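Just so we're clear, the structure is a prediction, and the values are computed from it rather than from any experiment. So that the names make sense, note that chain A is the first sequence line, chain B the second, and so on, each numbered from 1.
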Number of protein chains: 4
Amino acid sequence: MAKFENAEGSSSNRADRIRRKPERPMEILTAAFEEFVRCGYAATRLEDVAIRAGVTKGTIYFHFENKEKVFVQMVRELSKPVWQKTDEFLRQRPDDVVEFLSSYLDFAHGLLFEDRHAREILRLLISEATRFPELVDEHFAQFVEPIFEHLRKGLGEAAEAGKIRRSPALDFPDLLLSPVLALNIAMLLFSGRKPIDAKRHLDAAKDVFLMGLLPRD
Amino acid sequence: MAKFENAEGSSSNRADRIRRKPERPMEILTAAFEEFVRCGYAATRLEDVAIRAGVTKGTIYFHFENKEKVFVQMVRELSKPVWQKTDEFLRQRPDDVVEFLSSYLDFAHGLLFEDRHAREILRLLISEATRFPELVDEHFAQFVEPIFEHLRKGLGEAAEAGKIRRSPALDFPDLLLSPVLALNIAMLLFSGRKPIDAKRHLDAAKDVFLMGLLPRD
Amino acid sequence: MAKFENAEGSSSNRADRIRRKPERPMEILTAAFEEFVRCGYAATRLEDVAIRAGVTKGTIYFHFENKEKVFVQMVRELSKPVWQKTDEFLRQRPDDVVEFLSSYLDFAHGLLFEDRHAREILRLLISEATRFPELVDEHFAQFVEPIFEHLRKGLGEAAEAGKIRRSPALDFPDLLLSPVLALNIAMLLFSGRKPIDAKRHLDAAKDVFLMGLLPRD
Amino acid sequence: MAKFENAEGSSSNRADRIRRKPERPMEILTAAFEEFVRCGYAATRLEDVAIRAGVTKGTIYFHFENKEKVFVQMVRELSKPVWQKTDEFLRQRPDDVVEFLSSYLDFAHGLLFEDRHAREILRLLISEATRFPELVDEHFAQFVEPIFEHLRKGLGEAAEAGKIRRSPALDFPDLLLSPVLALNIAMLLFSGRKPIDAKRHLDAAKDVFLMGLLPRD
DNA sequence: TATGAATGAGCTTTCATTCAT
DNA sequence: GATGAATGAAAGCTCATTCAT
């Protein structure tokens, strides 16, 4: 079929079997991501993962112990870029609390809407939370808790300085994330069937939250 | 063996089987709910459903066409009580918009936190949204859209009357639902492993939303 | 192929699927015996057992939990006739000790040489003793120990009555079985490649044992 | 990592691998013996053999053609010491026939009970007799037939000289081996679960055989 | 010599589905 | 209506074997 394409694109039977050695595991995990997203954990066949990765079933089992390990490793590996973005956001966050709140919502939105990996991994974690509880905890501790910590501290200081109200919401940073999360759930549920105006939705969320937190008069 | 016992005490053979006829399908759906919750759609075995329902696999196929139909029917049937509660809430909703908002959050919270069926069906719909898109749409049209319509109208009128700000959030009633949804997702993710103070979380949400919507000054 | 044979012999696709219900498990076990004998436990494919039994792999798993259970059940079930023969021998054993010894060797020989089941099960138990130790113990307790008990008692009484010598061999009835066992092992090892004159071998064994046990004048 | 340690201590890279060259095959066969004993032929994984031998699967295939050859070579190689003992026993056998018989039983017993290799190879040959018939024949021709030949001759001469009875057993030297073989089978079957008093058992066997062969009167 | 990544056929086991009763 | 034996198409996983390095 693809025999006559130029050498770069073709992947004949054994020629480059060995050449790609070090990249194989990551290729498998990327293929696994696509299949798990397409079918969910239980309904995904490792054979399809193999085909997509351009290897055979046996190769998967050479690199990974079993299907569960493939899933866990996939989540870990594909989450790393997300972590980098999160880290970067935290380092360059604005000092002003209002701006901070706003940019936080933008960042969270951007993360989940523009990064397909982040979005779909969230779905997979919700779906498979029962099967992989430790993975959920690990993920939460790594990606969510640090940012919540920062938020709690930032909001506390802002309240101290009188820049925002002393609202009970200051203790629940996840409250501020909830519109983004809800938007994401909506996308997962309707994946394109219902048009969602994320931008206006987000602006509305900013409006309510900022007005709700700024000191009255 | 027990064939010759008197008819009353024995729940064994012919009589009982036929007497229970009309309840069978519902018994099967209830059992199916438990198993789907426990394992997810793909990993649930119809045989386990049968055992839990006290029938055999064949009986399930007598009442339902296949596994997919069992799932769809289960979601429909177990959602009916949820719909009744929703209907009732809408009929006795308070007139005052502030009270309405507050009671709406309470209602949504009560629905998802106290009604295990509602909560778990939401999880199942998120997990299986790809496999059952029409079911998601149907569910949304029946249970969510009407209430959103009411909200949109009520908030519009309140803004008209100057009782609340003309916020862009008035067009996104789901924004007001998002804290409850987020809380629910948290429960699904950590199911008991992390203690969640739902009451204080909810109070915080009310505080921010009300303050954010009330006219300033 | 066999389509035109008379109805008795033909086993078309679904016609008599159900008719044979009660005999299925035993048919499977008989087929399993043949395959285990042919290939040993590990190298036997349940698919071949299924084919030989005229069913599909799934049917085996309907009746038996797994491959190990098939093996264990097979040994148990095919050993029953052996147990009946053993029981019968014990009930009609001759009173005279010399005759008893002789008939015992004949019986043991007949059991192992004329009953293919008995012979091959012994081989399987030796081969798989490590994998199925409880089965070995169970088998020994059921088929060997009772007969050894009888022997010990009978020989003890004969010695008491002065009919045979007080040899230390009286405490080891298995010693008297050993020529038969050795003959059996030889058959297992050479299965037909070396001609073995079992009759003369057995007569030789009787000669030595009887001469060795009779009192020296 | 350890590449820069001094050459003596490190047993890591190039040097050592090449230096050990000549011992490799034997190391592999020894490891193979252990694994074949542990799991039987079919259930033994060449990978486990490799791990035990401290090499990789590929190395095995460098030295041996395939799994069958590993088995055959293992049996041959690990049997050599057994052959040496047998040879030595034959060269220093006592002249007196009674003593010879007794020492023969002792020798056979010692061989099988004190030499784990001899004992387990016997088990493996029984188990895999169907798969490796030529190996069984070869083994028998090398280790058993010569000794049987000697026995037949020695017993014949003794009968000629009137030292023992002209029993039909003189033609079946394996009869005299059978108690030892039976003892060995018992050990294989119960491997430690049942205590076996080998010494008394052997004494009993000697008693019966000698009394059975000595001329009456 | 030795390695180890890769293969692919084949194994045990599972399970939605069917159908004679 | 209900049963349960039977099917058969996979699915997860294993492992002897190969081969570029």
Write down the distance between [atom1] ([X]) and [atom2] ([N]), rounded to a whole number of angstrom.
X     : N      : atom1 : atom2 : answer
A:F62 : F:dC19 : CZ    : P     : 17 Å
C:I51 : E:dC11 : CD1   : P     : 10 Å
D:I60 : F:dC19 : CD1   : C1'   : 16 Å
D:E68 : F:dC15 : CD    : C1'   : 15 Å
D:K69 : F:dA16 : NZ    : P     : 16 Å
A:E65 : F:dG12 : CD    : P     : 16 Å
C:F64 : E:dT14 : CZ    : C1'   : 18 Å
D:R45 : F:dT17 : CZ    : C1'   : 14 Å

So, OP1 or OP2 of [N]: does either fall under 4.0 Å of a side-chain N or O from [X]?
X     : N      : value
A:R24 : E:dA6  : yes
C:T59 : F:dA5  : no
D:T56 : E:dT3  : yes
C:Y61 : E:dT14 : no
A:H63 : E:dA6  : yes

**Message:** Any salt bridge linking C:E68 with C:R131? Criterion: basic side-chain nitrogen under 4.0 Å from a carboxylate oxygen.
**Reply:**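 Judged by the 4.0 Å cut-off on N to carboxylate O distance, C:E68 and C:R131 do not form a salt bridge.
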**Prompt:** Closest nucleotide of DNA chain E for B:L46 versus for C:Y41: which of these residues is on the 5' side?
**Reply:**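 Closer to the 5' end of DNA chain E: C:Y41.
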**Request:** Take A:V55 and C:N66, find for each the nucleotide of DNA chain E with the closest heavy atom, and name the residue whose nucleotide sits nearer the 5' end.
**Result:**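 Comparing both residues, the 5'-ward one is A:V55.
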**Prompt:** Does E:dG4 pair with anything, Watson-Crick or G-U wobble, both distances under 3.5 Å, and if so, with which nucleotide?
**Reply:**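 Here E:dG4 is engaged in a pair, and the nucleotide opposite it is F:dC19.
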**Asked** Would a distance-only check, ignoring hydrogens and angles, find a side-chain to backbone donor-acceptor pair under 3.5 Å from B:K57 to B:V49?
**Response**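 Not a single qualifying donor-acceptor pair exists.
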**Prompt:** Does NZ or CZ of A:K67 come closer than 6.0 Å to the centre of the six-membered ring of A:F36, within 45° of the ring's axis?
**Reply:**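 Judged by the rule, A:K67 and A:F36 form no cation-pi pair.
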**Request:** Classify the angle between the aromatic ring planes of B:F132 and B:F71 as parallel (below 30°), tilted (30 to 60°) or perpendicular (above 60°).
**Result:**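 Rings of B:F132 and B:F71: parallel, as their planes differ by under 30°.
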**Prompt:** Want to settle it: does B:G58 or A:K67 sit nearer the 5' end of DNA chain F, counting the closest nucleotide to each?
**Reply:**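 Its nearest nucleotide being more 5', the pick is B:G58.
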**Message:** Here's a test of your reading of the structure: between A:E47 and D:K57, which maps to the more 5' nucleotide of DNA chain F?
**Reply:**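 Final value for this comparison: A:E47.
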**Message:** Nearest 0.5 angstrom please: C:K69 NZ to C:R76 CZ, how far?
**Reply:**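 Those atoms lie 9.0 Å apart.
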